[in-house]
Amino acid sequence: MSASSSTAVTFTSNERVLCYHGPLIYEAKVLKVENFTDANTITGALGPHCFVHYKGWKQTWDEWVPHSRLLKYNETNIELQKSLQKNNAHASTSGGSSSRGPKAGPREGAGGARGGTRKDGTRGTKRGRDEDDSNRKPELKLNLPEILKVVLVDDWEAVTKNQQLVLLPREPTVIGLLDEFAAYIVRTKPAHLRDPALLIPSIVSGLIVYFDRSLGANLLYRFERPQFADVRRQYKTGQQVIIGQEKEPSAVYGAEHLLRMLVSLPGMIANSSLDPESVALVRDYVNELLAWMARERSRIFLAEYEQTSIQYQNISRS
């Protein structure tokens, strides 16, 4: 939706815009405009980018975004913003967003406050079919183990406060972890899961696709973006990469970033075309995956993150 509406549109410095951040849209201001190439990319992505500041957010959330995440500030797009906030408010809350407070607090604080106001103020003006239960998008309700909430907080603190990084490539990778989980499911055949041997390959492949597509756009802290740019050059876009041997993020990153993606799934699913039955299947398998990760935590999560150089810290702030 965002790509089709903004690919051919140009943006200028100091322009008031709307910007996708996760499943929602926020008001922002364009501070800089740049066309990224392999030689100067900061985010790892190529093409036109804007450095934006989100209205009402701290400067630490300023970031480079591709034009596909930007919309012109007009009435049509403002209505789209309101619609997404309304549809996502309940799904984000029920999906365990409180556990992501350190990572997504500014995002969800802003979205939640505005969403609550609009829910009370616009309910009477919406068409009846929007309030019809049969038209509500299915929700993905996750049961996040308490110990994994601690892992998320420690992860946030290590990156944003201590200016440390997950050492890459990780072992096991996201692909390796999900393969291990699939083998566990096939071996144990949990009674509450439907057709484990038949469905687990599709569940795993779907989670890998979600991870690869969402990592660069939604799962990284600003401090990690120079590292992500280096990873892309090293494993995918660099001249030394052999054609056919490129690696996706799921073959480089590990449990830390997989967990971030899993707790972001409710928002992603809320804006997908999955039917209620499919959402229920994904919910059951993802909750089982979270429980498995909690049991395996001492093996799959890093005990210590990597210290960064002064040079890297300066690059991350530029």
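We count residues from 1, following the sequence as given. Only this structure's heavy atoms are used, side chains among them; waters, hydrogens and symmetry mates stay out.
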For residues [X] and [Y], determine if any side-chain heavy atom of one lies less than 4.5 Å from a side-chain heavy atom of the other.
X      : Y      : result
Gln164 : Glu306 : no
Thr12  : Val30  : no
Leu148 : Leu152 : no
Tyr210 : Leu265 : yes
Leu219 : Glu224 : no
Glu27  : Arg16  : yes
Phe223 : Gln313 : yes
Tyr20  : Ile25  : yes

Check your understanding: At their closest point, which heavy atom of Arg299 faces which heavy atom of Pro172, and how far apart are they?
Key ->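 In this case the closest contact between Arg299 and Pro172 is NH1-CG, 4.5 Å.
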Check your understanding: After noting the C-alpha distance and the side-chain angles of Lys72 and Glu15, does the key distance pass the side chain to side chain contact (heavy atoms under 4.5 Å, CB included) rule?
Key -> CA-CA 9 Å; Lys72 288 293 183 179; Glu15 182 176 353; 2.6 Å; yes
Review point. Taking the inter-plane angle between the rings of Tyr54 and Tyr26 on a 0 to 90° scale, is it parallel (under 30°), tilted (30 to 60°) or perpendicular (over 60°)?
Key: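 Because their plane-to-plane angle is over 60°, the rings of Tyr54 and Tyr26 count as perpendicular.
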Exercise for review: Please state whether the rings of Trp64 and Phe51 are parallel, tilted or perpendicular, taking 30° and 60° as the class boundaries.
Suggested key: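 Tilted.
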Taking [Y]'s backbone N and O only, do any of them form a donor-acceptor pair with [X]'s side chain (distance below 3.5 Å, no angle check)?
X      : Y      : value
His49  : Gly47  : yes
Arg297 : Ala294 : yes
Gln245 : Ile243 : no

Could you go through residues 185-193 and list every donor-acceptor pair under 3.5 Å that involves a side-chain atom there, pairing it with any protein atom two or more places apart or in another chain?
from: Thr188; atom 1: OG1; to: Tyr184; atom 2: O; distance (Å): 2.8
from: Lys189; atom 1: NZ; to: Val186; atom 2: O; distance (Å): 2.9
from: His192; atom 1: NE2; to: Glu288; atom 2: OE1; distance (Å): 2.9

Please tabulate, for side-chain N and O atoms in residues 194-201, each donor-acceptor pair with protein atoms closer than 3.5 Å (sequence neighbours left out).
from: Arg194; atom 1: NH1; to: Glu277; atom 2: OE2; distance (Å): 2.6

Review point. When you look at CD of Gln240, are more than 12 heavy atoms from neighbouring residues, nucleotides or ligands closer to it than 6.0 Å?
Key: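 Atom CD in Gln240 is packed in, count exceeds 12.
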Check your understanding: Would you say Arg213 has more than 12 foreign heavy atoms packed within less than 6.0 Å of its CZ?
Key ->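 It does not: Arg213 CZ has 12 such atoms or fewer within range.
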Check your understanding: Mind checking what makes ring pair (Phe, Tyr, Trp, His ring centres under 6.0 Å) contact with Phe211, not counting sequence neighbours?
Key ->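 Per chain and number, Phe211 pairs via ring pair (Phe, Tyr, Trp, His ring centres under 6.0 Å) with no residue.
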Check your understanding: Are Phe301 and Ile147 in one and the same hydrophobic cluster, where Ile, Leu, Val, Met, Phe, Trp and Tyr link if side-chain heavy atoms are under 4.5 Å apart?
Key ->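 Cluster IDs for Phe301 and Ile147 match.
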Practice item. Report yes or no: do Val231 and Val241 belong to one cluster of Ile/Leu/Val/Met/Phe/Trp/Tyr joined by side chain heavy-atom distances under 4.5 Å? Key: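 No, no single cluster joins them.
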Practice item. Give the intermediate values and the outcome of side chain to side chain contact (heavy atoms under 4.5 Å, CB included) for residues Leu259 and Ile300. Key: CA-CA 11 Å; Leu259 181 58; Ile300 65 176; over 6 Å; no
